[in-house]
Structure formats: structure tokens, C-alpha cells
Amino acid sequence: MTQLSVRGLQVELDHQTIVNNIDVEVAVGQWVCIIGPNGAGKSSLLKALAGIIPSTGEILIDGSNVRDLSERDRACWIAYVAQEPVMPAGMRVFDYVLLGRTAHLKMLATESPKDLEIAHFVISELDLADFIDRDVATLSGGERQRVAIARALAQASPIILLDEPTTALDVGYQQEVLELIDKLRKEKKIAVISTMHDLTVSGLYPDRLMLLAEGSVVVSGSAESVLTPENIARHYGAKVTVIDHESGPVVIPERHK
Amino acid sequence: MRTATARRISPLAWVISAVAVLVTLTLGVSIGAVSLPPLTVWSEISSNLFGTASNSTGSESTIIWQLRLPRVLLAFVVGSMLASAGCAYQGTFRNPLADPYLLGVSAGAGLGATIAIFNGSGTAKFLLPLAAFAGALGAVFLTYSLGRSAIAGRSSTALILAGVAVASLLTAIQTLLQQQNTDKIREIYAWVLGRLSTSGWNDLAIITPYILVCIIVLLKYRRVLDVFAVGDEEALTMGLPVAKARAAIIVAASLGTAAAVAVTGLIGFVGIIVPHILRLIVGNSYRILLPLSIIYGGVFLVLADILARTILAPQEISIGVVTALLGAPFFLFVLGSSRNGSVT
């Protein structure tokens, strides 16, 4: 059973603490969502976990330290989808998804039939079969997100980090992408850590919210316990009303009179 | 469900390429002050390789085997190296305007050659390639160590900027030296513009092993170059050891370029034109671009050399002038279209 345990994670850039002493536990099939005001360190936290920026503290998977692993082995455990994934002009969707197999290939090797099969499988699973020959640079926002998730799935890592997966999307695509992530993490037992901008949306699918402010976790727990008018006023400086709805708390900004 | 495979060169493209190589090599040997029919060319080559009967006269045989064939093959090998190095740099730096001289190879080689020309009298012929080679590698080493220490080796922009700085520093030193010894400027100038006139098979034999190894290494990295297309950060999270892979590509591309430059001087634009023409035809995947750059870099330089030898015959134009005459307008075109984001 895969479990990601982070203890005392610290990110410093130019002698400034960006992420401060963070502990998180994410179990198989769980979805933890990080929220917080701009500049709170949400993206930095994900990038530190992905190994993109240097950090200190323990990152353990099933008790063994990720820091001891090579780039390849780390990528076999943790996949990462950037906020705006780079879509190289002229690359087909199929080739892009196939890039996800990099972690499973020796550096100078080329893909085996099995790698091609996995890419095809992921593509059909995500209903992208009609897209395989499309140039990724010509895809719409929602299609890009799906293709980037397909690439992360081809990587076959039990942990996926998603940085603002829905920020650029309209409500229809938002719902589609979030439903997809929710289905995949349950079916494939993938642990998901995402950041999210929209507070109401962040309460809909994830199991747990972590509110980050100035690099530290200030509140963590269920959507109901984190998304309170008091918490949002204190950390976002916003005056909001929170309405209880059956699918989760609905956060509505109040208009200044 | 529709299936797809990884990008690869189609059988038709292989056939076209093989024909292109054979035709250009044959043209390269048969065209010149004395025009030789292709059949004579091939029978002479076959007689030298396999001991078959040759229908060429003694002087024809010397022209083919001792003068033109080594020169044509040198052009091919150097063109292959420059085009594949440019192609690899464009991939690993995600910069459509990168060429083999990006990290200071040309300035380093130029300085090395200048010093050798100034100090050499009888030994200059022997020392010149060595000095250019050492200068080229020294410049890349300097660029690489400066660029790495600037931003912990993560940013490829730091490396490119370091290359600019190193190149202008070394060029300034070269200019300073030239101003003190104006009598040798002509000789330096001729070297800088590049030339393919050789002394038989010697030059080719010296640089081919280096270039062959470097080209094979770059070929091995063709899939990795496609991974670089998503940028360093995402490539890293996909399991690519970005810094290590880039270092290996830089070493192979620079070493091969240095070997080429040492013998032929600075032949510009091949490393940009060839990969970009190919991009327009076959797309952006390095699995296809890199092998085709090797093939058509060679073809291009052999053709450019034919022009250099024939346009003002019996006078010979510097090969660097020919490639620049074709290359500069194309360079502007690439600049224009990359601003629209269509070439990257």
C-alpha cells in the first residue's frame, strides 16, 4: 500500500522561507487539495515534492526516502502536471502521451511495443482516440489538461501532483477534468495532491483541504472545517458568506456596501 | 481503435535520402575544372576499393582519388557534423536559433587559429588545426563552467548568456592580436571564412573518428531531445536527468564541431539552415530531424562546395561565403517565423 508521508518540508529561495515545516500524509486513492491566497507557497510545495526545486525535510514513500532515488526512479513514483503544461508545437497527442514512458526507459533506449500499448490504453481510457494525430499546440484548454493527465497516467506513478488543474477552464471543462481525476484516483488507487484556486470547487472532490498561508499550513481537514468565513477572512482578507450545500460548502464573496 | 507508432523515418524518405547522397557525392566528384562523367568516377572509386578495372586515365584517376573524393567526403562529414550539432543544440536549449557555435566554439577556434598563425612559420600547418581544436573546446568549457555556476546548472538561458559573453571576450582578444600583427590578417581572414581544400586523405582521416563517435552519441539522444521539448521542469518530473543529458549532448556536439572547425575553419549557417528546412518538411520530432540533419547536412555542404568551386571558376569562393549567402536570408526568415511561434 502506497503512502506518501511528508515531514518538515522546507523550501528556501534567496534566504526566504517559501514553504515552512509542512507535514502531509496521503494514502492510496486519497485526494488532498492545497488552497491558500496568492503567494502562499502552493505551487512551490508541489514543485518541491516533484523535485523541481530544492527542499529539505523528509519525503517518504512507503517509508523509503525519495531523496535517495534517481530522477527516473522518483518519476516512477511521482508524476506531475504543471499549471500550464508546455505543449510543443508540431508534437502529436500520441507522441506527447508516449513521453510519459520516459521514467520507464533507460535514457538512451526507445519505446518497446509494451510502452506503445500502454500509451494507446491510456488514450482510449481517456477518450482521446480521435485526437492521436492532432498537434498538441492546437488543443483547447480542456483538451490540453486531459492530454497532460493522460501523459501522467502513462507514467504509471502511484502519486500524481496537479498544479491548478482547472484554473484556465470554463465550468464545463472544469467539471469534466475534476470528474476524471476523481474517477481515476478511485479506480487506479492513485494518491492525488492538487492545488486549487476556486474555494467552492476545492470542497467538491478532494477528501481533505490544507489551507496554506505564508508557507505554513494554518488549517487542515474536511471542507466544512476549513472553508469557514473566519478562516477565509483571516487568510485571504476577504469577506465571504459560506452556504452549506449537499455537495459541499459554497463560498460567496460579499459585495462591499 | 486507431493505432499509432512512435515517430520514425518512412521507407520512402530513406530511399530518397540514399539517392540524394549518391547523386550529390557523384556530382561533387565529377564537376570541376575538368569535368568527368559519373561512370568514370564510379569505375575509378570501385577500382580503388575493390580492385576492379578502371576506365580512367592516370590524371583522371589522380583528380578523382587524390583531389576530389577526399574533398567531397570531407564536405559531407563536416556538413553532417555541423547540422547534427545545430539540431541537437536547438533541441536541448529549445531555441530555434541555436547553432553549433552557440557556446563559443567559433570564437575559441578563431583565437586558437590566430595565435597559431602568428607564432607559426614552418610548423603552422601542423599546429593550426590543433590550436583551433584546443581553442574551441576551451571556450565551450569556459562557457559551461560559467553558465553552470551562474544559476546552479538549472537554467539553459544562463548557459547561452555565458556563451555570448565568452564569445565576445575571445573575439575581442583575437581582434587585439590582429591589430598588432596586421600583416597576417589576410591569412586569418581566409581561415575564418572556412575552406575545404585539403591535402589528400589526411584531414579526413584525422577528424572522421571524432565526428563519427560524436554523431553516434547525438543519434542515441534523439528520443531524449524530444523529451526536452516540454521544458526542463516537466522533463525532470518525467524522469529525465536534465543536467546530465544536456551535458552529454553539449560534449558530443562541441567535440565534433571542434574537430570539424579545426580542419575547415568556420563554416556558418549549415547548423541552422539544414535542420530548419527539414523542420518545415518533416516536423519537429528529433527522432526524424536528427538522422535527416546528418544526411542532408552532408548533402548541403557538398552542394555548397560545388557552387564555391564553379561560380567564379577557376577562382574559388570561400565555402563560408556560399553558405552565408544562402544562410543569411534564411536566417531572417527563421527569425520572422519563430516570432510567430511556428518554428519552435
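Throughout, a chain's letter reflects where its sequence line sits, starting with A, and its residues are numbered from 1.
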Straight-line distance of A/Leu116 CG to B/Thr5 OG1, nearest 0.5 Å | 7.0 Å
Gap between atom CG of B/Leu236 and atom OG1 of A/Thr102 - 0.5 Å precision | 11.5 Å
Output the option from A/Pro113, A/Ala109, A/Cys76, A/Ala137 having the highest count of non-hydrogen pairs under 4.5 Å with chain B.
->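 Most heavy-atom pairs under 4.5 Å with chain B: A/Ala109.
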For the candidates A/Arg92, A/His104, A/Lys47, which exhibits the highest count of non-hydrogen atom pairs separated by less than 4.5 Å from chain B?
-> A/Arg92
From the list B/Lys220, B/Lys244, B/Met238, the residue making the most non-hydrogen contacts under 4.5 Å with chain A is B/Met238
For [X], is it the side chain, the backbone, both or neither that has a heavy atom under 4.5 Å from a heavy atom of chain A?
X: B/Ala235; answer: neither
X: B/Val230; answer: both
X: B/Arg223; answer: side chain

Can you name the closest pair of heavy atoms from [X] and [Y] and give their distance?
X: B/Thr237; Y: A/Gln155; value: O-NE2, 3.0 Å
X: A/Gly90; Y: B/Arg7; value: O-NH2, 4.1 Å
X: A/Asp95; Y: B/Ala6; value: OD1-CA, 4.5 Å
X: B/Glu234; Y: A/Val86; value: OE2-N, 2.8 Å

By salt bridge (Lys or Arg N to Asp or Glu O under 4.0 Å) - contacts of A/Glu164 (at least two apart) |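 Not a single residue meets the salt bridge (Lys or Arg N to Asp or Glu O under 4.0 Å) criterion with A/Glu164.
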B/Asn284 (side chain) donor-acceptor with A/Pro88 (main chain) under 3.5 angstrom =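 Not a single qualifying donor-acceptor pair exists.
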Charged N to carboxylate O below 4.0 Å: is that the case for A/Glu111 and B/Arg287?
->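 B/Arg287 and A/Glu111: salt-bridged.
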